[in-house]
Amino acid sequence: MKYRLLEAASGTQPFHLHLPEEISAFEDLRDGGLVAGTIQTLANACRKATIYSLTPDGYAVLALRKCRIARRPGPIQRADRSR
């Protein structure tokens, strides 16, 4: 979930979160210095969060993840034995 939030935060518009598990993941990312944003507690004790952007460290983590995914080896192809 955290990487999905990092990808969403890399957009140009603020990203709004309402689900408790998303807000928890946001708090972890914010505490780690990877995203900038705020949390609001509404009158009925509901919480919502807004991610404004990635920090420079957040961009670095996202770039490293994309590189790691791109370098994963694909499925091993069997040799063509029909020759």
Side-chain angles (χ1 to χ4, degrees):
M1 161 128 8
K2 290 180 186 178
Y3 292 113
R4 200 174 75 203
L5 287 180
L6 283 176
E7 289 176 10
S10 68
T12 59
Q13 299 294 321
F15 191 71
H16 302 282
L17 307 170
H18 302 281
L19 299 175
E21 59 271 10
E22 291 177 336
I23 293 171
S24 177
F26 161 74
E27 289 175 313
D28 291 343
L29 292 171
R30 188 183 61 177
D31 292 346
L34 301 178
V35 297
T38 59
I39 294 180
Q40 296 175 331
T41 303
L42 306 175
N44 57 358
C46 291
R47 296 172 72 201
K48 74 176 195 175
T50 304
I51 300 175
Y52 297 117
S53 64
L54 292 176
T55 64
D57 288 347
Y59 280 110
V61 167
L62 190 57
L64 287 171
R65 178 170 167 78
K66 287 179 179 179
C67 286
R68 194 183 91 208
I69 289 172
R71 290 179 173 237
R72 279 189 195 161
I76 299 174
Q77 296 181 359
R78 294 183 181 184
D80 184 5
R81 297 178 186 226
S82 62
R83 297 184 197 188

Practice item. Could you give me the CA-CA distance, side-chain angles and deciding distance for Phe15 and Leu5, then say whether side chain to side chain contact (heavy atoms under 4.5 Å, CB included) is met? Key: CA-CA 9 Å; Phe15 191 71; Leu5 287 180; 3.9 Å; yes

Point to revise | Ser10/Leu62 under side chain to side chain contact (heavy atoms under 4.5 Å, CB included): CA gap, chis, key distance, verdict | key: CA-CA 9 Å; Ser10 68; Leu62 190 57; 3.9 Å; yes

Check your understanding: What do the steps show when you test Val35 against Thr55 for side chain to side chain contact (heavy atoms under 4.5 Å, CB included), and what is the final call?
Key -> CA-CA 5 Å; Val35 297; Thr55 64; 5.7 Å; no

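Salt bridge status for Arg47 with Glu27: present, with a side-chain N to carboxylate O gap under 4.0 Å.
Atom CG of residue Leu29 and atom CG of residue Leu54 lie 9.0 Å apart, to the nearest 0.5 angstrom. The CD atom of Gln40 sits 5.5 Å away from the OG1 atom of Thr38 when rounded to the nearest 0.5 Å. Atom NE2 in His18 sits 6.0 Å away from atom NZ in Lys48 (nearest 0.5 Å).
Connection of Tyr52 to Ile23 is not established within any shared hydrophobic cluster, with ILVMFWY side chains joined at heavy-atom distances below 4.5 Å, either directly or through further cluster members.
Considering Val61, Asp28, Leu34 in turn, Asp28 is the only one that fulfils the side chain to side chain contact (heavy atoms under 4.5 Å, CB included) rule with Lys2. The side chain to side chain contact (heavy atoms under 4.5 Å, CB included) test with Leu17 is passed by exactly one of Ile51, Ile39, Thr50: Ile51.
Residues Phe26 and Gly37 approach most closely at CZ-C, 3.7 Å, considering heavy atoms.
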